[in-house]
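Here the structure is laid out as structure tokens; the discussion comes afterwards.
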Amino acid sequence: MPEYKLTYFNMMGRAEPARLIFAYAGVAFVDERIERRDWPNMKPNMPHGQLPVLHVDGKRLAQSRTIERYLAKVFGLDGQDEWETAKMDELVSAVEDLLNHINPWFKEQDNAKKVEIFKALCDSEILPFIARFEALLLENKTGYFVGDTLSYADLAIFHIFWFLNTKILPGSLRKYPKLHEFVERTAAIPRIKQWMAKRPRTEA
């Protein structure tokens, strides 16, 4: 078995879906968390000057979604055929689009502007996103987003909806029963539950 290390900041952020993949697969990895104050010295030595970075037996892989797809392939969480894999990539890309829309709100320091941005985001991006993913679960009818078993896409989607429901719009999934059930069921998977119980408590 290769030796894995995942390097990221001390937060969930872009690394959490990969951590969830490791947890679900039951594969040990070094969860290296660095402090922001140390990042300027580390940045020039990281691929593309970014985190997260996955280390596999000394080799390095960057870009969060690429890391997730790699781990999914290695651990058998990337679908039964090329079509399922492509549909998983599609849904994870949609999650990435939402994160890119939300990013200016995260970075805004002025509270008044932050409130204004958030109201606009809810109407134009967040609530339509939730409704679309509720419809996808209703359409697939298996309890998963692609196919009939849990995939890396489910874990990435689980994380964003857990985060929305817990940190951004608390309780928002109560109006979306399929999504609410999906999040609760995924959080109750023993290895996922164990990981969530032991991971460091962070706000993002």
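- Rounding to the nearest 0.5 angstrom, the gap separating the CG atom in Leu155 from the CG atom in Leu150 is 4.5 Å.
- In this structure the side chain of Phe118 reaches within 4.5 angstrom of the side chain of Leu169, judged on heavy atoms.
- For the pair Ile102/Leu98, a side-chain contact is recorded, criterion being any heavy-atom separation below 4.5 Å from C-beta on.
- Phe161 is not listed as a side-chain neighbour of Phe182, based on a closest heavy-atom distance of 4.5 Å or more.
- Ile117 and Pro104 make their closest contact through CD1-O, 4.5 Å (heavy atoms, listed as atom of the first residue, atom of the second, distance).
- The two residues Gly147 and Thr142 make their nearest non-hydrogen contact at O-OG1, 2.7 Å.
- In this structure, CG on Leu20 lies 9.5 Å from CH2 on Trp162, to the nearest 0.5 angstrom.
- Cluster membership for Leu61 and Tyr8, using ILVMFWY side-chain heavy atoms within less than 4.5 angstrom, is not shared.
- To the nearest 0.5 Å, the span separating CE on Met196 from CZ on Arg199 amounts to 4.5 Å.
- Closest approach of Arg201 and Ala197 over heavy atoms only: NH2-O, 3.8 Å.
- Counted by atom type alone, Trp195 and Glu16 present one or more donor-acceptor pairs between their side chains at under 3.5 Å.
- Pro52 is listed as a side-chain neighbour of Leu6, based on a closest heavy-atom distance under 4.5 Å.
- Closest non-hydrogen pair, Tyr176 versus Leu127, comes out as OH-O, 4.3 Å.
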**Message:** Arg69 vs Asp78, test: side-chain contact (heavy atoms from CB on, under 4.5 Å). Steps then yes/no.
**Reply:** CA-CA 7 Å; Arg69 286 193 293 269; Asp78 63 339; over 6 Å; no

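- Side-chain contact between Asp154 and Thr186 is absent, with no heavy-atom pair separated by less than 4.5 Å.
- By the rule that hydrophobic residues join a cluster once side-chain heavy atoms approach within less than 4.5 Å of another member, Met12 and Val53 end up as members of separate clusters.
- With a 4.5 Å cut-off on side-chain heavy atoms, Lys193 and Ile189 do not count as touching.
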**Asked** Between Leu51 and Ile34, does a side-chain contact (heavy atoms from CB on, under 4.5 Å) hold up when you go through it step by step?
**Response** CA-CA 10 Å; Leu51 292 177; Ile34 69 167; 3.5 Å; yes

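- With contacts defined as side-chain heavy-atom distances shorter than 4.5 Å, the pair Pro17/Arg65 qualifies.
- Annotation for Pro44 and Pro40: closest pair CD-O, 3.3 Å, computed over non-hydrogen atoms.
- Taking hydrophobic clusters as Ile, Leu, Val, Met, Phe, Trp and Tyr residues chained together by side-chain heavy-atom distances below 4.5 Å, Leu138 does not share a cluster with Val146.
- The pair Lys87-Glu90 meets the salt-bridge criterion, with a side-chain N (NZ, NE, NH1 or NH2) lying under 4.0 Å from an Asp/Glu carboxylate O.
- Listed here is the closest heavy atom pair of Phe106 and Lys114: O-NZ, 3.4 Å.
- Rounding to the nearest 0.5 angstrom, the gap separating the OG1 atom in Thr202 from the CE atom in Met11 is 7.0 Å.
- The only option from Arg19, Lys5, Lys198 that meets the salt bridge (charged side-chain N to carboxylate O under 4.0 Å, His left out) definition with Asp31 turns out to be Arg19.
- Relative to the ring axis of Phe9, Arg36 places its NZ or CZ within 45° and under 6.0 Å from the centre.
- A distance of 10.0 Å separates CZ in Phe129 from NE2 in His101, rounded to the nearest 0.5 Å.
- A continuous path of Ile, Leu, Val, Met, Phe, Trp and Tyr side chains, each step under 4.5 Å between heavy atoms, connects Met1 with Leu71, placing both in one hydrophobic cluster.
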**Message:** As a quick check of understanding, evaluate side-chain contact (heavy atoms from CB on, under 4.5 Å) for Val92 and Glu68, giving each step before the final call.
**Reply:** CA-CA 10 Å; Val92 172; Glu68 292 163 34; 4.2 Å; yes

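- Linking Ile, Leu, Val, Met, Phe, Trp and Tyr residues whenever their side-chain heavy atoms come within less than 4.5 Å places Val95 and Ile192 in a single cluster.
- For the pair Phe145 and Phe133, the minimum side-chain heavy-atom distance is below 4.5 Å.
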**Message:** Determine whether Phe163 and Ile168 satisfy the following criterion, side-chain contact (heavy atoms from CB on, under 4.5 Å), listing intermediate values before the conclusion.
**Reply:** CA-CA 7 Å; Phe163 190 77; Ile168 298 180; 3.5 Å; yes

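- Note that OH of Tyr144 is 5.0 Å distant from CZ of Arg185, once rounded to the nearest 0.5 Å.
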